[in-house]
2 protein chains.
Amino acid sequence: MSNFAGTLLGNDPVERFLHRLSLFEPLDAEARDAVRRSINRGPLIPPLQELQPDALQDVSVLLSGWICHFRLLGNGRRQITTLVVPGDFVDFGFLVGTVSSLQCVTTAHSQIGRIRTRAFGKLALQFPALLRASQRAAAVDAAIGRERIISLGVRTAAERLASILCELWFRLSAIGLTSAEGSYDLPMTQAELGAAVGLSTVHVNRTLQSLRRTGAISLQSGKVWIRDLEKLTALAGFDPAYLSLQA
Amino acid sequence: MSNFAGTLLGNDPVERFLHRLSLFEPLDAEARDAVRRSINRGPLIPPLQELQPDALQDVSVLLSGWICHFRLLGNGRRQITTLVVPGDFVDFGFLVGTVSSLQCVTTAHSQIGRIRTRAFGKLALQFPALLRASQRAAAVDAAIGRERIISLGVRTAAERLASILCELWFRLSAIGLTSAEGSYDLPMTQAELGAAVGLSTVHVNRTLQSLRRTGAISLQSGKVWIRDLEKLTALAGFDPAYLSLQA
DNA sequence: ACGGCTCATTAACCCAAGTTAGGGGCAAGC
DNA sequence: GCTTGCCCCTAACTTGGGTTAATGAGCCGT
């Protein structure tokens with residue numbers, strides 16, 4: 001799967017985005033062209049840069065890099081609520097005409113593509129499939145959120161980490177960002193992973209060690225190798241259906 | 001606020017639903033009438049009845065009662081992902097044309113109202129405000145989900161329970177289901193509460209005791225009394241903004 | 001009135017995960 | 001070449017919350 005998407009996509013991030021959208025709802029050549037013309041490629045943003053809310057006025061798409069939505073609590077604790085990978089909308093506020101109040105940070109060099117809200121509105125009228133695809137994307141985002149709730153609520157540390165690694169494997173595969181050898185780049189520190197799965201940095205480390213020892217994965221300098229996907233999904237109790245990548 | 005909504009609403013559940021929708025987006029008299037005519041009141045469903053997915057083919061609204069979405073894991077652990085209160089859509093699959101795969105149970109005698117998907121589609125075209133209101137409802141549902149992620153990820157047991165009690169206070173106030181004396185019905189056992197906030201039954205009990213001792217709340221036979229809302233929101237670090245009930 | 005149920009409650013004990021406190025590798029800047 | 005600063009990693013200790021188990025209150029249905 002990753003090979004297929006990888007070779008097919010080349011490495012133009014806008015094409016990746018179109019490919020991702022098409023998985024939600026097929027888009028004809030005309031609609032794709034309209035998107036290509038309407039999208040503005042933003043500047044390269046360095047890692048650990050917080051995005052200002054007004055930067056999300058438009059319809060924003062992550063073209064490359066990595067973004068996390070998070071919330072900082074009074075006591076200094078931080079929870080990452082959403083991981084945005086290339087090809088994803090950064091925020092779905094545009095669907096309901098509100099700007100989200102969530103905080104966003106990049107964790108890697110990132111590039112955002114924008115379509116002016118006004119322009120997107122016109123596209124949505126002209127190409128209903130585009131609107132449907134965006135709405136499906138929002139629905140899948142919600143499904144991912146529910147899955148995170150389940151992880152945080154009833155899964156053990158090992159299950160949570162295995163889950164999120166599985167989830168990312170499938171999400172990144174869909175956009176050709178996994179290698180044929182079974183690896184992908186994960187530009188998050190263990191502390192950030194912990195903030196996403198609700199574990200302390202130390203325990204993330206402990207648990208990753210034990211996942212490595214089972215032979216399901218290995219890690220090296222920001223790269224995750226899925227050594228045994230079967231074992232990993234079994235360990236996590238993971239079922240990729242909620243990502244609706246089959247279409 | 002509860003008084004206002006309460007007296008204004010009377011107790012017709014369809015009016016409650018319309019009131020709730022209007023908080024998302026104002027609906028004119030014509031749109032309201034169209035909804036009144038299109039909605040079919042279902043039978044009364046007893047507590048602890050699981051809803052079959054096909055029962056959610058249509059646009060389903062909880063008219064009265066209480067519904068939980070949950071997921072059962074292999075090891076017998078259960079996580080409740082969403083609490084549906086009267087006036088809420090039971091599921092948002094209709095917005096994207098998919099039937100959700102989530103399991104649902106009633107925890108109280110409940111009545112569901114349905115609008116045939118086809119009929120809703122026509123209404124949506126005729127009354128764009130109705131569609132926008134539904135989409136906003138979905139967005140708020142997602143925001144509630146994010147808040148749950150934050151609770152499960154970084155809040156202590158006391159904060160989680162305080163949070164959810166605050167959330168319900170505000171949600172129920174908006175539909176006139178809180179009393180002027182500061183109470184509301186919470187038709188969930190402590191075990192179910194635990195499944196919602198990711199705590200064991202025993203620890204829910206312990207923590208509720210301590211919340212009672214602070215004087216912020218009291219509990220009695222399925223009724224929650226908010227004795228000191230200020231204290232409770234402070235304890236939870238709760239900010240009702242995400243529910244967007246101000247409009 | 002009597003079992004039998006579910007639910008709230010409490011106590012005693014246990015463990016998964018948090019906390020604190022390092023050590024070591026590596027890259028960036030001086 | 002040296003410092004500074006992350007980040008990964010590990011060990012030792014602590015703790016919030018889970019587990020087990022038992023009691024009692026209320027609510028049926030007979």
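Protein chains get the first letters and strands the later ones, always in sequence-line order, with residue 1 at the start of each.
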Residues at least two apart in sequence or cross-chain that pass salt bridge (charged side-chain N to carboxylate O under 4.0 Å, His left out) with B/R20, listed by chain then number, are none
- Message: Base of D/dG17, side chain of B/R160 - is there a donor-acceptor contact under 3.5 Å?
- Response: no
Report task. Using only heavy-atom distances, determine whether the side chains of B/S60 and B/R114 contain a donor-acceptor pair under 3.5 Å. Result -> yes
Remember a base hit wins even if backbone is also touched, and classify A/R155 as base, sugar-phosphate or nothing at under 4.0 Å, heavy atoms.
nothing
message: Between B/E159 and A/R77 (salt bridge meaning N to carboxylate O under 4.0 Å), is one present in this structure?
response: no
Per nearest nucleotide of DNA chain C, the residue lying toward the 5' end, A/A157 or A/V202, is A/A157
When rounded to whole Å, the CG to C1' distance for the pair A/L193 and D/dC9 reads 15 Å
Worksheet entry | Salt-bridge present (A/E181, A/R227; N to O < 4.0 Å) | no
What's A/S200 touching, base or sugar-phosphate or nothing? Going by heavy atoms closer than 4.0 Å. base
In whole angstroms, the gap separating P of D/dG18 from CG of B/N75 amounts to 14 Å
Whole-Å distance, A/R206 CZ to D/dC9 P, equals 14 Å
Taken to the nearest whole Å, CD/B/Q190 to P/D/dG18 is 13 Å
To the nearest angstrom, the CG-P distance between A/L208 and D/dC7 comes to 15 Å
Going by heavy atoms in the side chains, are B/I67 and B/V105 under 4.5 Å from each other?
no
When rounded to whole Å, the CD to P distance for the pair B/Q209 and D/dG17 reads 16 Å
Here the distance between atom C1' of D/dG26 and atom CD of B/Q220, to the nearest Å, is 13 Å
Atom CG of A/N205 and atom P of D/dA11 are separated, to the nearest Å, by 11 Å
Report task. Give one of base, sugar-phosphate or nothing for A/T156, where a contact means two heavy atoms less than 4.0 Å apart. Result -> sugar-phosphate
| request: For the pair B/T81 and A/R146, evaluate side-chain hydrogen bond (donor to acceptor under 3.5 Å, both in side chains) and give the outcome as yes or no after the intermediate values. | output: CA-CA 6 Å; B/T81 53; A/R146 282 191 295 270; 5.4 Å; no
Of the listed D/dT10, D/dT20, D/dG18, the closest approach to the B/R77 side chain comes from D/dG18
- request: Using a 4.0 Å heavy-atom cut-off across all strands, classify B/T207 as base, sugar-phosphate, or nothing.
  value: nothing
Its 5'-most and 3'-most nucleotides having an atom under 4.0 Å from a non-hydrogen atom of chain B, DNA chain C is contacted over C/dC7 to C/dA12
Practice item. Show your reasoning for whether ring-ring contact (aromatic ring centres under 6.0 Å, His included) applies to B/F89 and B/F17. Key: CA-CA 9 Å; B/F89 290 100; B/F17 167 57; 5.5 Å; yes
Open item on the list: Under 4.0 Å, counting only non-hydrogen atoms across every strand here, what does B/G198 touch: a base, just sugar-phosphate, or nothing?
Closed with: sugar-phosphate
